[in-house]
Amino acid sequence: MAAMPNGTRIVHSVGRKGTNDRSDVLIIQQLINDNLPVPLMPLNVNGICDPSTIFAIEEIQRRNLHMKRPDGRVDPDGATYRFLTSIPGQKIAWGAKVSTAFKTKLIKIAGNLGVDPDFLMSAMAFESAETFSASVKNAASGATGLIQFMPSTATSLGTSTTALAAMTAEDQLDYVEKYFNPYKNKLTTIEDVYMTILWPNAIGKANSYVLFSKPSVAYTQNSGLDANNDGDITKEEAAAMVKAKLVKGRGAGYLG
Amino acid sequence: MTHMRIPLAILLVALAVCSRSRPPASAASGSSADGRRAETRAVSVSASGLRRLETRRFSGQHGNGALSVIFLPGAGQAISSGVDDTARIWDVASGAESKHFSGPRFHFQDIALSSDGHFSLTPAPDATLHYWTIDSGQDVHQFTGAKMGIGTVALSADGKLAAGAGQDTAIHVWEVASGKHLRQFPVNANVVRVAFELGNSHLRSVEGDGRVCTWSVERDRDRDKDNDKPLGCVAAGSDPVSQAAFAADGHKVLIGGRYGSLVLWDADRGTPLRKLQGSEADIVAIAIAPSGNLALSGGADQTVRLWDLKTGTQIASTKSSGSYVSCVAFSADETLALFGSDDGAIMVWALQ
């Protein structure tokens, strides 16, 4: 597992002609060492972009990304960074409960969206009742699959809940990415990742923000989220269930 | 002047919507009285052979789900698409399929028709838009520039501009004649509906966070630093927005929510005008009739509802064969409705 906290992302470029902020260099050096995708000696993780760090970046670009002219630099939104953060050896919350193909794809998608993969996995664990099944369905609402796609959501994504249920979980991840795409690089907390699924209006709002109040259809359908049973479901209450999945998913037997 | 301005506004906005589909501007605008009468003759309740509120299922279906359906002007025909990667042309009176196109680009959840009804603008799953001849299925133009998930499309009334938005992070505008990508307007959330209005130069959008925004297509790109920002936005909706349709006058928008709310809003002021009571399930499809007096909604309660927008009351309802209604559309004379469902069925419903 990467020694750096999951979700820590570089802010500026690292490597030849890069910005090379110390915190960013530390992340890249650690990522290279944790995975060692090429036969190199481990780097000295010192936050200094030395020639051996640049050489390691170039080797990865040459061998793994098949670049003819490696530039020796890792950009925050570049292919090298995406590769480094999507190496199959990386462990993520709930990773032990999904296929390697699922995990690899999820990490790649999380990179594209600028979301911590653990947050996405925890939200899916909650929504799919820990099954990570493409076909798990809520009989009352018709919501289906990994993020419980509503019928209207399925239609707006150009599919149907029947078609979503018939595909593999790995293929359904494409629709998860499509669904999250409008919010890419805006979701920095687990609360906001879950709000994207439950109620996009609440993204960026305070945790005390009230999502649903009694009496309403929305409240009735989500009454299980009202932890203190006061008739108001706050953003914090709703996200608490997903945060619990994050703790569980990072535990033994689930992390993988 | 007032009399002249209303048809112009009508020309420029989305009309009936099947999930995301609308009839051609001219067919529903009433810009040609003769054309409209011809339309009425061609697709009328009498031609369908149905009694009032009777439904009939078309003879084929779209695999695991219908996505869009719309009446074609003047010929008694309709076009539909589904997740089976097909577009089908139907004879409305008989319910028989008259033509069939296959391939990924015929998998679309919205349709905008040219004013003569010969061309169709549709989004493809790969985020390209296709402007194609309905008769042959051949592409005239392909519009590129969007990166992901275009779900709603619109053509300007003069047919010169095309717009598309959805799960991408922007609303895109293309020039139809050249296929050139002209503009993109960054948005905050997913866009459930985009429509042209106000003399082709303005676009209106409804976003998933409930914002209704107006954009200037012609604003000077070089001189105005705010050219990519909306002219204005109003907040509408208190339920996560699932679907929306603009009325023909462009100043009203009917917004449906995931928990079944259905509210007619003043799109200029962001004030609610009518609350349509009856549905408590996810609203998947909405259409407003050309006259602006009627609306159709369909959703996860398997029910299609016909609404009187003047009073906010439900006139009638019917059930779909699937687990939810995925698209709805009005005929230009408002005597017939079409709807599709997630089991792939397409049905016609006599409203008179």
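Chain letters run A, B, ... following the sequence lines, proteins first and then strands; every chain starts at 1.
Applying the salt bridge (Lys or Arg N to Asp or Glu O under 4.0 Å) test to Asp230(A) and every residue at least two apart in sequence or in another chain returns nothing.
The candidate with the highest count of non-hydrogen atom pairs below 4.5 Å against chain B, out of Ala218(A), Ser216(A), Pro200(A), is Ala218(A). Chain B forms the most heavy-atom pairs under 4.5 Å with one residue out of Leu198(A), Asn181(A), Thr220(A), Thr153(A), and that residue is Asn181(A). Contacts with chain A were tallied for Ala170(B), Gly65(B), Pro240(B); Pro240(B) has the most, counting heavy-atom pairs under 4.5 Å.
The two residues Tyr179(A) and Gln167(B) come nearest to each other via the heavy atoms O-NE2, 3.3 Å. Between Ser156(A) and Gln109(B), the shortest heavy-atom distance links the atoms O-NE2, 3.1 Å. Of all non-hydrogen atoms in Lys186(A) and Val187(B), the two that sit nearest each other are NZ-O, 3.9 Å. Gly166(B) approaches Pro182(A) most closely through the heavy-atom pair O-CG, 4.5 Å.
Crowding of Glu280(B) atom CD: a count of heavy atoms from other residues, nucleotides or ligands under 6.0 Å not exceeding 12.
Remark: Lys147(B) NZ to Asn112(A) CG distance equals 12.0 Å, nearest 0.5 Å. With rounding to the nearest 0.5 angstrom, the OG1 atom of Thr159(A) is 6.0 Å from the NE2 atom of His107(B). To the nearest 0.5 Å, atoms CE (Met148(B)) and NZ (Lys184(A)) are separated by 6.5 Å.
In this structure, the side chains of Tyr183(A) and Asn190(B) come closer than 4.5 Å at one or more pairs of heavy atoms.
Within the 4.5 angstrom heavy-atom criterion, only side-chain atoms of Ala154(A), from C-beta onward, approach chain B. Within the 4.5 angstrom heavy-atom criterion, only side-chain atoms of Phe212(A), from C-beta onward, approach chain B. Both the backbone and the side chain of Ala189(B) come within contact range of chain A, with heavy atoms under 4.5 Å apart. Heavy atoms of Ala166(A) lying under 4.5 Å from chain B belong exclusively to its side chain. Interface remark: Ile283(B) contributes backbone atoms only to the contact with chain A (heavy atom separation under 4.5 Å). Residue Asn222(A) touches chain B through its side chain alone, counting heavy-atom pairs closer than 4.5 Å.
Between the side chain of Tyr324(B) and the backbone N or O of Thr161(A) there is at least one donor-acceptor pair closer than 3.5 Å. In this structure a side-chain-to-backbone donor-acceptor pair under 3.5 Å is missing from Asp342(B) to Ser160(A).
For the side-chain contact (heavy atoms from CB on, under 4.5 Å) with Asn201(A), the qualifying choice from Asp209(B), Val241(B), Asp239(B) is Asp209(B), the only one to do so.
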